[in-house]
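Position 1 is the first residue of the sequence, and the numbers go up from there. Just the heavy atoms: all of them, side chains too, but no hydrogens, waters or symmetry mates, feed the values below. Numbering of ligands and ligand atoms starts at 1, following listing order.
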Amino acid sequence: MTASESEEPALRRAVCPGSFDPITNGHLDIIARASKLYDVVHVAVMINQSKQGLFTVDERIDLIRRATAEYGNVQVESFHGLLVDFCKQRDIPAIVKGLRAVSDFDYELQMAQMNNGLSGVETLFVPTNPTYSFLSSSLVKEVAAWGGDVSHLVPPFVLDALTERLRKKS
Ligand code: PNS
């Protein structure tokens, strides 16, 4: 047997990037579906210092880890820098993104083309489950801040963390 014959095939990796402030059931749906398509799914909490989050990056990571604990092939970490550099450093050839509606498309297309031009990384778009087509972390925070019910839109421990954080803030 030659050295190349004995080598294990490379793991198929993809990244689901985002701010995840906080993770919602819409994000989880995309991560769960990506975890069926790839050997390893990296969830990257991208750090944007110009954007003040409701949760710290470590808190977001903790919530995502709890939400994805049932998937054995999901790894969660933060990254400060370009998404293409995150991918390069980990040998990740594919970015998986959810597309909620046509309104997402323009910006997502720009980012996909920019990322591909920078490093050759591909972006795969997964149509969001229609149940979550209106869902975003920003809307969840806004509705929750005004006392609206978001219990069907985030995991229970995210709801608890959100309620507690908003109570402390008010
Ligand atoms: O959840 P969000 O805020 O919509 O996610 C946007 C995110 C974090 C995926 C995007 O802003 C990103 O990739 N940021 C990392 C910095 C970067 O690579 N910018 C160039 C994008 S072409």
Side-chain angles (χ1 to χ4, degrees), residues 13-35 37-38 40-68 71 74-145 150 152-155 157-159 161-162 165-166 169:
R13 295 175 185 276
V15 60
C16 291
S19 305
F20 302 105
D21 186 39
I23 189 161
T24 68
N25 289 343
H27 294 127
L28 268 177
D29 176 55
I30 300 298
I31 295 167
R33 288 158 67 189
S35 82
L37 298 172
Y38 290 90
V40 183
V41 172
H42 298 256
V43 177
V45 179
M46 302 305 289
I47 300 172
N48 181 348
Q49 273 162 343
S50 64
K51 221 170 157 184
Q52 175 70 33
L54 183 63
F55 293 98
T56 67
V57 168
D58 285 345
E59 288 168 336
R60 293 180 218 177
I61 288 176
D62 179 57
L63 293 173
I64 301 168
R65 286 206 174 121
R66 291 171 69 185
T68 58
Y71 310 114
V74 173
Q75 296 179 10
V76 189
E77 58 190 306
S78 63
F79 192 72
H80 185 226
L82 286 175
L83 181 56
V84 290
D85 289 332
F86 180 91
C87 294
K88 246 184 245 168
Q89 288 169 18
R90 292 157 185 79
D91 227 359
I92 298 172
I95 299 165
V96 175
K97 288 278 193 92
L99 268 191
R100 288 168 294 192
V102 180
S103 50
D104 278 346
F105 188 70
D106 274 355
Y107 186 48
E108 290 296 342
L109 181 66
Q110 280 179 16
M111 285 199 286
Q113 290 171 329
M114 176 62 86
N115 286 330
N116 185 261
L118 285 171
S119 75
V121 70
E122 297 290 358
T123 298
L124 284 300
F125 292 118
V126 176
T128 295
N129 182 326
T131 316
Y132 305 124
S133 62
F134 59 92
L135 182 52
S136 70
S137 299
S138 310
L139 268 187
V140 163
K141 286 183 282 192
E142 186 178 336
V143 172
V150 293
H152 55 303
L153 303 176
V154 293
F157 47 87
V158 174
L159 181 67
L162 190 57
R165 181 57 44 89
L166 292 169
K169 261 191 84 183

Atom 21 (C) of ligand 1: of Q110, M111, E108, the nearest heavy atom sits on M111

I need the nearest protein heavy-atom contact for atom 2 (P) of ligand 1: residue, atom name and distance, please. S19 OG, 3.5 Å

Given side chains that start at C-beta, do those of R13 and Y38 come closer than 4.5 Å, heavy atoms only? no

For atom 18 (O) of ligand 1, is some protein heavy-atom partner under 4.0 Å away? yes

More than 12 non-hydrogen atoms from neighbouring residues, nucleotides or ligands closer than 6.0 Å to CD on E142, yes or no? no

Atom 20 (C) of ligand 1: closest protein heavy atom, distance to 0.1 Å, is L82 CD2, 4.0 Å

Which atom of P17 lies closest to which atom of M46, heavy atoms considered: CB-CG, 4.2 Å

Any G81 heavy atom less than 4.0 Å from ligand 1: yes

Between K141 and D21 (salt bridge meaning N to carboxylate O under 4.0 Å), is one present in this structure? yes

Per-atom contacts of ligand 1 with K51, taking only distances under 4.0 Å to non-hydrogen atoms: 3 (O)

Between K97 and ligand 1, does any nitrogen or oxygen pair lie at a separation below 3.5 Å? no

Structural part of V84 in contact with ligand 1, heavy atom criterion under 4.0 angstrom: neither

Which ligand 1 atoms, with their elements, are less than 4.0 angstrom from a heavy-atom of M114? 22 (S)

Heavy-atom closest pair (F157 atom, L63 atom, distance to 0.1 Å) is CE1-O, 3.5 Å

Find all atoms of ligand 1 within a distance of less than 4.0 Å from any non-hydrogen atom belonging to L83, and give their numbers and elements. 13 (O), 17 (C), 18 (O)

Minimum distance, heavy atoms only, to atom 7 (C) of ligand 1: which one of G117, S138, G18 is it? G18

Heavy-atom nearest neighbour in the protein, as seen from atom 12 (C) of ligand 1, with distance rounded to 0.1 Å: M46 CG, 4.5 Å

Non-hydrogen atoms of I95 and C87 that approach each other most closely: CG1-SG, 4.3 Å

Salt bridge present between R90 and E77 (N-O < 4.0 angstrom): yes

Apply side chain to side chain contact (heavy atoms under 4.5 Å, CB included) to residues F55 and D62 and explain how you reach the verdict. CA-CA 10 Å; F55 293 98; D62 179 57; over 6 Å; no

